[in-house]
Amino acid sequence: LSDGYPSAYRTACLILRNPADAEEAVQEAFLRAWRFRAAVRDEAGVRPWVYRVLVNACCSKLQRENTRRAHAADADALEDVPAPELSPEGSAARTETAAEVKAALAALPEHLRIPVVLRYYAGLNEREIASAIRRRPGTVKSRLHEARRRLGADPRIARLVSGREEMEL
Amino acid sequence: VIDEAELSELLTAAATTFEVPEGGEDAVLAAATAPGDSKRERPRWRPRRPRLAVGLAAGVLVVGGIFALGTVVGSQQHKSKFSPVGLPVTGGGSNASSDIGASGTGGSAGGTAGPTQLVTPRAVLGSQSAGGGGAGPAQPAPSGPLLEAGPGPVRAAADSAKIVKTGSVQIEVRKGAVGPTMTRLMSLATGFGGYASETKTTEGGDNPVASVTFRVPVDSFENMVTSARNLGTVRSLNTKGQDVTGQYADVQAKVTGLIAARDQFLTILRKATAIGDILAVQDHIIQTQTEIDQLQGQLKVLDDQASYAALSVDVAQQGGALPGPPAPKGGLAKAWDDARHGFTNGVEAIIGGSGTALLVVLVLAALAVVARLAWVLVRRRLV
């Protein structure tokens, strides 16, 4: 729990774009995982299984939120999250980068956003993502590719990437 | 397409801006270790589509119930067509009972052969016993108290009823047991107060067979049939009962009339003086007496048949040919017959067992579908 909680929480934040909902979803997911831990016997399957629980909890939250809130409000909620322990310039730059990334993620449909977050933030492989979202690995692969294509075409992400390249040069 | 490493860095950078709430893990732990949550729980099955699940379950129950009912009814009908030893009763069993119950073909003393059905208690008992030979364990011989318990006219009819019982049993015994079985049958018949009226035994070859016809008191007929059946595997069993009460009464009436006529001829003979008349009356008396003797012989035969039932028992080794009218075939004809009978028996067995097999397959399929559905739903509910 202590190892997986921060990562799970931030994954939920990236998916849900709302810290309060993310905290609820993570708590719900861990509780369910604890209650039904008898159903998992394979130690290696625990992580994708927990993420599957988390994804389901996030999807439930999203469905509820979609009927209640506008996406813009969610985005505004994320804007208020402060960056941890950085200089004012660094904090501002990081907050700006995070806001661009979050906005680009928010532009992705749910079925693309979840695999991207699970793959490139949570670090799950394609098979584990397939198990988490109950889709075939081939579907996961194509969705990841599509998500990367859309993110690459997004001007905010393109700007961030080009800025990083310039800084490296 | 954005590079995977860059995307990962961007997402990590964005994610780290989310401050992990302090005490979040403790809250999870506190909730997990609460009294109601400390125990391990098995997933509870909650169908995502309850209507579909209920419909499926109802369908499975209805189909299973229909097939179960059909199988039960079919098996009952199947059993009623076959004897307890698994052999069809040809000409015996219920046929015998119907013969006995509806064979009253004559009046009593009037001699008129009307179609009235004479169903006497004895006939009923006989029919039950004869039917029992084909449809269940043989009942004991008709007991006296039941007959004595009836009202007067019925009891008189029962006492005067003449039932001729016959039967034949073909049994298979283990190798080398034909002789001992015959000895046992002889002693059984003697024990029942009967005797062997005709015997034919062939021993010493590859196919030892024996045929014997027993005459046993009619009250012990069913017991004798049961005893014979128990000596080996029954290959065929036929029993038959026939009510000859009317025929007996007719003959008896004819005899009475002929005796009266003979007495009148004797009276006339005593009064006759002319030689011609005497010779003519003597011829009538001789003719009448001859008819009386013949009819009295018939009465004796009927009495004997009604008193002693005839049971023909054929005994052979397992797999051997039993003695009987159809001569055992050999070579190609026998092979063809065996193939034909084997095919027929196989088809009958398949058809007979198809109901149960279909039910088992349906139940297994339904269980598999339900298990698969439950597993899918449980897995969905797990996460």
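All values below were derived from every heavy atom in this structure, side-chain atoms included, with hydrogens, water molecules and symmetry-related copies excluded. Just so it is clear: chains get the letters A, B, ... in the order the sequence lines come, proteins before strands, and each one is counted from 1. Please read all numbers here as calculations on a predicted model, not as lab measurements.
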Full working for side-chain contact (heavy atoms from CB on, under 4.5 Å) between A/Ile129 and A/Asn125: CA-CA 6 Å; A/Ile129 296 171; A/Asn125 60 35; over 6 Å; no
Step-by-step side-chain contact (heavy atoms from CB on, under 4.5 Å) determination, A/Leu151 to A/Leu108: CA-CA 8 Å; A/Leu151 288 174; A/Leu108 285 178; 3.9 Å; yes
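Salt-bridge formation is detected for the pair A/Glu146/A/Arg149: a Lys NZ or Arg NE/NH1/NH2 atom is positioned less than 4.0 Å from an Asp or Glu carboxylate oxygen.
Contact of A/Leu105 with chain B is made through the side chain alone, with heavy-atom distances under 4.5 Å. Both the backbone and the side chain of A/Val116 come within contact range of chain B, each with at least one heavy atom under 4.5 Å from a heavy atom of that chain. In this structure, the portions of B/Glu4 lying under 4.5 Å from any heavy atom of chain A include both its backbone and its side chain. Looking at A/Leu14, the atoms closer than 4.5 Å to chain B (heavy atoms on both sides) sit in the backbone and in the side chain alike. Heavy atoms of A/Tyr9 lying under 4.5 Å from chain B belong exclusively to its side chain. Proximity to chain B (any heavy atom under 4.5 Å) is restricted, for A/Glu23, to the side chain, taken from C-beta onward.
The number of heavy-atom neighbours closer than 6.0 Å to CG of B/Leu332, taken from other residues, nucleotides and ligands shown, is 12 or below.
Annotation: side chain of B/Ile2 is in contact with side chain of A/Ile157 (closest heavy-atom distance under 4.5 Å).
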